[in-house]
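Remarks on the structure that follows.
All chains are named by letter (A, B, ...) in the order of the sequence lines, taking the proteins before the strands, and each is independently numbered beginning at 1. These numbers were taken from a predicted model, which means no experiment stands behind them.
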Protein chains: 2
Amino acid sequence: MSFDGQLPPKMRLLRAAAELLAKSAGAAVSTRQITQLAGVTAPTLYHHFGDKEGLFDAVVAAGFEEYVAGERDFAPSGQPLVDIRRMWDNHVQFGLAQPELYLVMFGNIRPESRPAIVADAEGLLEEMLNKAAAAGQLNVQPREAARSILAANVGVTLMLIAEPAAERNLELSTMTRDAMIFAVSRDQGRDAGAEDSGKSSVVVAAIALNAALQASHSDQLTSSELKLFLEWLHRISTSSTS
Amino acid sequence: MSFDGQLPPKMRLLRAAAELLAKSAGAAVSTRQITQLAGVTAPTLYHHFGDKEGLFDAVVAAGFEEYVAGERDFAPSGQPLVDIRRMWDNHVQFGLAQPELYLVMFGNIRPESRPAIVADAEGLLEEMLNKAAAAGQLNVQPREAARSILAANVGVTLMLIAEPAAERNLELSTMTRDAMIFAVSRDQGRDAGAEDSGKSSVVVAAIALNAALQASHSDQLTSSELKLFLEWLHRISTSSTS
DNA sequence: TCAGTTCATATAGCGTTGCTATAGGTGCTA
DNA sequence: TAGCACCTATAGCAACGCTATATGAACTGA
């Protein structure tokens, strides 16, 4: 009974639906729950929103405006690719902050209304990527880049939402983000396809690591650890191949 | 009435559910539809599968076996990164061929059963990435690479499913695919936003050695030595990012 | 051979769901 | 005051997921 009183029934329905949607961890939300919380009866809902999906669409529209506001909120840094990175992070953060709403927006429930929202989100990205393209920083068409980045962004966010909050490792996001931004940006050295030589082995890898370790003065191990480590490496790398 | 007759009711229920799930374009499928098509009554369903979700889980399990079979079907090319690319394409193709099943598997309906399937799919990728790592072709931990690639793969597939079949542009998939594979692979000129060029050779070598050691059961070290060795390797190979 | 047990299916119906046919109340303009 | 939109409530329908109970079929051990 939180929304009795001053607000018009339409608003009360919207807020009640949003609240129940946010609380119910993925479970279904019934119109009876919504109307009861809003303090109205069923026909009021259907008068204002047509049907249950219409109400949810309205909730999503409100959520999407919040999302768009977040995507536009920061001051442009002057470096479009940096701004793209912020948009990515904002996207992930929005998804983790409001997972239920995010799932309704970008998940696959109700596939009909999804494309419109995806297209809007794509537009936001593309807008920014156009600036990057204008600055000569883009390797591909802004539209293709936007689609690709958004797809990866959604995939990452869905995966993060799906796993328990305690285990969430945001490095998945940063790593994928940088990979995608790098892929569409210019100034990259060579391309991905080629592989070198072929089969490696414990020995080859050990030799490489040995050389690299001695050259770089890694501080990940103490000196005594390093000594023993190198001894083992030597033992491995001088043994017969397998 | 397609499944009357010879097959046992359990199989008839499974096939009826799969068929209705595939036909209904995203719409809900009722138990009454399923049982009617299977030619049985309601309690039979609940006797065999517990509840509706149990039946759907069984359908998903069957679909997932098909998916796994597809992921393993081709002969390894000897070039792990090429095989990763095939796995990506197979993933997308599976999603487009059976969108409803895919949405149940990788979409967000029923978030409880999702992580298990995602983990399995991740395992398939990681398995192959371990070979790449053993060959010194990987820039990051195979597990992280698998998570990142799978997230992007799911995101792309969902986006392709969401848009009308006529407008589907598979270039979105190939572009994102190559971007992700390139990002986790070695032999790239420099990397995205970060620097750390000096240490990266240590990291790559450590990752390769780690994978190779675990795969080869080397007998150059005692088991206790090996344990400590691997722990140090892990420390080195996870020390790069921030 | 036959009672006992288990498995598999059917009959009938419960409670809840999304939704609506109908009607009544409210406030505005003429 | 009459008329007319607009908004909301009463009551209830068909479809939903699911189950208490009962019946048949198949097997088991004496």
Side-chain angles (χ1 to χ4, degrees), chain A residues 1-61 100 103-104 107-113, chain B residues 1-60 100 103-104 108-113:
Chain A
M1 311 300 183
S2 314
F3 302 119
D4 289 1
Q6 57 280 50
L7 284 78
K10 187 171 182 178
M11 278 297 167
R12 276 185 276 158
L13 280 168
L14 265 179
R15 299 203 181 179
E19 179 176 321
L20 289 176
L21 206 63
K23 278 184 185 172
S24 79
V29 177
S30 72
T31 59
R32 281 174 169 81
Q33 287 178 274
I34 296 172
T35 54
Q36 179 182 341
L37 179 60
V40 299
T41 52
T44 305
L45 190 161
Y46 295 92
H47 172 73
H48 288 290
F49 299 101
D51 60 355
K52 187 185 184 181
E53 197 164 296
L55 171 57
F56 280 31
D57 281 343
V59 173
V60 165
E100 316 302 332
L103 287 180
V104 177
N108 59 300
I109 313 177
R110 306 174 313 121
E112 305 81 34
S113 67
Chain B
M1 310 300 184
S2 315
F3 303 120
D4 289 1
Q6 58 280 47
L7 285 79
K10 188 170 180 178
M11 278 298 168
R12 275 185 277 156
L13 279 168
L14 266 179
R15 299 204 181 179
E19 179 176 321
L20 288 176
L21 205 63
K23 279 184 184 170
S24 78
V29 177
S30 73
T31 59
R32 283 173 168 83
Q33 287 178 274
I34 297 172
T35 54
Q36 180 182 343
L37 179 60
V40 299
T41 51
T44 305
L45 190 160
Y46 295 93
H47 173 71
H48 288 291
F49 300 100
D51 60 356
K52 185 186 185 182
E53 197 164 298
L55 171 58
F56 280 32
D57 281 342
V59 173
V60 165
E100 314 303 331
L103 288 180
V104 177
N108 58 299
I109 313 179
R110 304 174 313 122
E112 305 81 35
S113 68

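Contact annotation: the side chain of B:F56 approaches that of B:I34 to within less than 4.5 Å [non-hydrogen atoms, C-beta and beyond]. Side-chain contact between B:T35 and B:V40 is present, with at least one heavy-atom pair separated by less than 4.5 Å.
Close approach of DNA chain C to chain B, defined as any atom under 4.0 Å from a non-hydrogen atom of the protein, starts and stops at C:dA8 to C:dT11.
When all heavy atoms are compared, the tightest approach of B:A58 to B:L14 is CB-CD2, 3.6 Å. Closest approach of B:V59 and B:L21 over heavy atoms only: CG1-CD2, 4.4 Å. For B:L20 against B:L37, the heavy-atom pair with the smallest separation is CG-CD2, 3.8 Å.
With sequence neighbours left out, A:Y46 forms a side chain to side chain contact (heavy atoms under 4.5 Å, CB included) with A:T31, A:A42, A:D51.
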What does the B/S/- profile of nucleotides 4-10 of chain D look like, 5' to 3', with a 4.0 Å heavy-atom cutoff to protein?
---SBBB
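Here D:dC16 presents its C1' atom at 15 Å from CG of B:L55, a figure rounded to the nearest Å. With rounding to whole Å, A:Y46 atom OH is found 19 Å from D:dA11 atom P. The distance between atom CZ of B:R32 and atom C1' of D:dG17, rounded to the nearest whole Å, is 7 Å.
Of the inter-residue distances, the one linking A:K10 atom NZ with A:H47 atom NE2 reads 8.5 Å to the nearest 0.5 angstrom.
In this structure, the side chain of B:K52 does not engage the main chain of B:L45 through any donor-acceptor pair within 3.5 Å.
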